[in-house]
Number of protein chains: 2
Amino acid sequence: MSTKTKNAGAPDTRARIIRAASALMQRQGYDGTGIKQIAQQAQATLGSVYHFFPGGKQELAVAAIHHGDREFAEELSAALDADDDPAAALTALCQDLAAGLAASDWPAGCPITATALGPAGRAPDIQAAAAAAFARWRALVHTKLRTAGIPDPAAHDLAHLTISTIEGAELSAQVSQSTEPLEIAGRYLAQLVRAAR
Amino acid sequence: MSTKTKNAGAPDTRARIIRAASALMQRQGYDGTGIKQIAQQAQATLGSVYHFFPGGKQELAVAAIHHGDREFAEELSAALDADDDPAAALTALCQDLAAGLAASDWPAGCPITATALGPAGRAPDIQAAAAAAFARWRALVHTKLRTAGIPDPAAHDLAHLTISTIEGAELSAQVSQSTEPLEIAGRYLAQLVRAAR
DNA sequence: GTCTATAATAGGATAGAC
DNA sequence: GTCTATCCTATTATAGAC
């Protein structure tokens, strides 16, 4: 076994820093989150942060977005795998998202939106990481829809719409401090998927 | 005529400041935008900014959100009034939004999302202003759908879905630097509205 | 790899002349 | 209402001991 493989038991400072950056930027955005705050939350020192991320805040944000990307991809995959019917799976996912948002008291929306929105114009690597995340999520839905028998022009478009709508409903729910947008989105996405067969 | 009514010809520093704050925060977010930058863009001095907004940056953000609220409400109203059929009107609106986003080179998404996302958790007045904007936009769509003959449980839900989907599609388009999410959203929203009759 | 100290700069906000 | 100067704090980032 190579020494480069991760040893899961160790304190793993680098992973703690990424998790802290991801969680804080998800709620406060890129510019609203300080590196010192990240270090404190990760129980690391400033020196350790710059040791692992010599590229500074931008490199940290890219790592945070990759982390949020994988995080939501796993949640999405689990939800899609839980039911053969994609319509039912999407409805259940929206309910789970609504419950998570309410449990966080609303600040914890999409794992990458707030991180990417502000600096996307100035930092191309941050924009690219966010675009890759959206594309991966779309691809997961696309595969599920095709497996369920929906042919390809429709499956491609529905995958796009699904990510857009879930993203927008989570944003609306967060801003309005209500689960209603996500509940409604789940119902209509199911209706559209069922109509596409 | 009262002296309190606005005299449209004057340089109107206060309005220039609000417009600058709205435009900058739309692209860079609340924390990514400095008051000095706003003053510079508005061709005003720091003293003038604090003269009109003694509450500082938070009061400025609330005014910027109100400005973006009215701005999009007018665009939405105009789009809905342009066609008797709400389905066709929504499709046209999505195409207009896509064109505007591409013309801005992608940074100019929803007028209030970036402004509200970061500080919503800490500043209740900013969150409330953003929630009011979303509610107003939903109400405009709701009225249009009811006028077009869609009964009320469906019209209410469809208004919610419309705002969520447009919001999410604009976000996806911005992040992905592509007009495709908005084009697809426009098509499916039209399909759902037509099916609701 | 970790820690502290510090440099260099930019941020929000205020004071007071005009 | 406008302008300039300034205070105070926080920020990113680096240096160098351990």
Side-chain angles (χ1 to χ4, degrees), chain A residues 3-22 24-25 27-65 114-115 118-119 121-123 125-126, chain B residues 3-22 24-25 27-65 114-115 118-119 121-123 125-126:
Chain A
T3 55
K4 284 212 169 180
T5 43
K6 55 171 184 274
N7 40 347
D12 213 335
T13 307
R14 187 189 150 92
R16 278 204 322 276
I17 293 171
I18 292 178
R19 277 200 305 271
S22 179
L24 287 170
M25 287 183 175
R27 290 165 173 79
Q28 306 172 342
Y30 177 83
D31 290 298
T33 304
I35 297 188
K36 284 179 181 167
Q37 190 187 11
I38 293 171
Q40 188 176 3
Q41 168 119 344
Q43 287 179 304
T45 59
L46 204 55
S48 292
V49 173
Y50 278 99
H51 170 75
F52 288 110
F53 300 93
K57 202 180 183 179
Q58 283 198 21
E59 190 184 347
L60 245 173
V62 171
I65 290 176
T115 310
R122 337 162 214 155
D125 45 346
I126 292 180
Chain B
T3 54
K4 284 213 169 179
T5 42
K6 55 171 184 278
N7 39 347
D12 215 335
T13 307
R14 188 188 150 92
R16 276 203 325 274
I17 293 171
I18 292 178
R19 276 200 305 271
S22 179
L24 287 170
M25 287 183 176
R27 290 165 173 78
Q28 306 172 340
Y30 177 83
D31 290 298
T33 304
I35 295 189
K36 287 173 183 169
Q37 190 187 10
I38 293 171
Q40 189 175 1
Q41 167 119 346
Q43 287 178 303
T45 59
L46 204 56
S48 291
V49 173
Y50 279 99
H51 170 75
F52 288 110
F53 300 93
K57 201 178 182 180
Q58 282 198 21
E59 191 184 346
L60 245 174
V62 171
I65 290 175
T115 309
R122 335 162 216 155
D125 43 346
I126 291 180

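So you know, we letter chains A, B, ... as the sequences are listed, proteins then strands, and number each from 1. The structure displayed is predicted, hence computed values, not measured ones.
- One interatomic measurement links the two molecules: CG of D12(B) to P of dT2(D), which rounds to 10 Å at whole-angstrom precision.
- Among V62(A), I35(A), I38(A), the one residue that satisfies the side chain to side chain contact (heavy atoms under 4.5 Å, CB included) test with K57(A) is I35(A).
- Within the 4.0 angstrom heavy-atom criterion, only backbone atoms of the sugar-phosphate kind lie near G34(B); the bases stay farther away.
- What separates NZ of K36(B) from P of dC8(D) is a distance of 15 Å, to the nearest Å.
- One atom, OH of Y50(A), and another, P of dT11(D), lie 12 Å apart when rounded to the nearest Å.
- Look at S48(B) and you won't find any side-chain N or O under 4.0 angstrom from OP1 or OP2 of dG1(D).
- Heavy atoms only, all atoms of each residue included: M25(B) and A64(B) are closest at SD-CB, 4.4 Å.
- The distance between atom CD1 of I35(B) and atom C1' of dT14(C), rounded to the nearest whole Å, is 12 Å.
- Side-chain proximity of T45(A) to dT4(D), dG12(C), dT2(C): nearest is dT2(C).
- In this structure, the CG atom of D31(B) is 15 Å from the C1' atom of dT12(D), given to the nearest Å.
- Of all heavy-atom pairs between R122(A) and Y30(A), the closest is NH1-CE2, 4.4 Å.
- Contact between Q41(B) and A20(B) at its shortest, heavy atoms only, is CG-CB, 3.7 Å.
- Between dG12(C), dA13(D), dT2(D), one nucleotide has an atom nearer to the side chain of K57(A) than all others, and that is dA13(D).
- In this structure, the CD atom of Q37(B) is 12 Å from the C1' atom of dA10(C), given to the nearest Å.
- Distances shown here put a side-chain N or O of T13(B) below 4.0 Å from the OP1 or OP2 atom of dT2(D).
- Between the CD1 atom of I38(B) and the P atom of dA10(C) there is a distance of 17 Å, given to the nearest Å.
- Heavy atoms only, all atoms of each residue included: L46(B) and K36(B) are closest at CD1-CG, 4.1 Å.
- Atoms CG (L60(B)) and P (dG12(C)) sit 10 Å apart, rounded to a whole Å.
- The residue G47(A) sits close to a base: some heavy atom pair falls under 4.0 Å.
- Nearest nucleotide to the L46(B) side chain, out of dT12(D), dA5(D), dT2(C): dA5(D).
- Considering only side-chain atoms of H51(A), the nucleotide from dT14(C), dA13(D), dG1(C) that sits closest is dG1(C).
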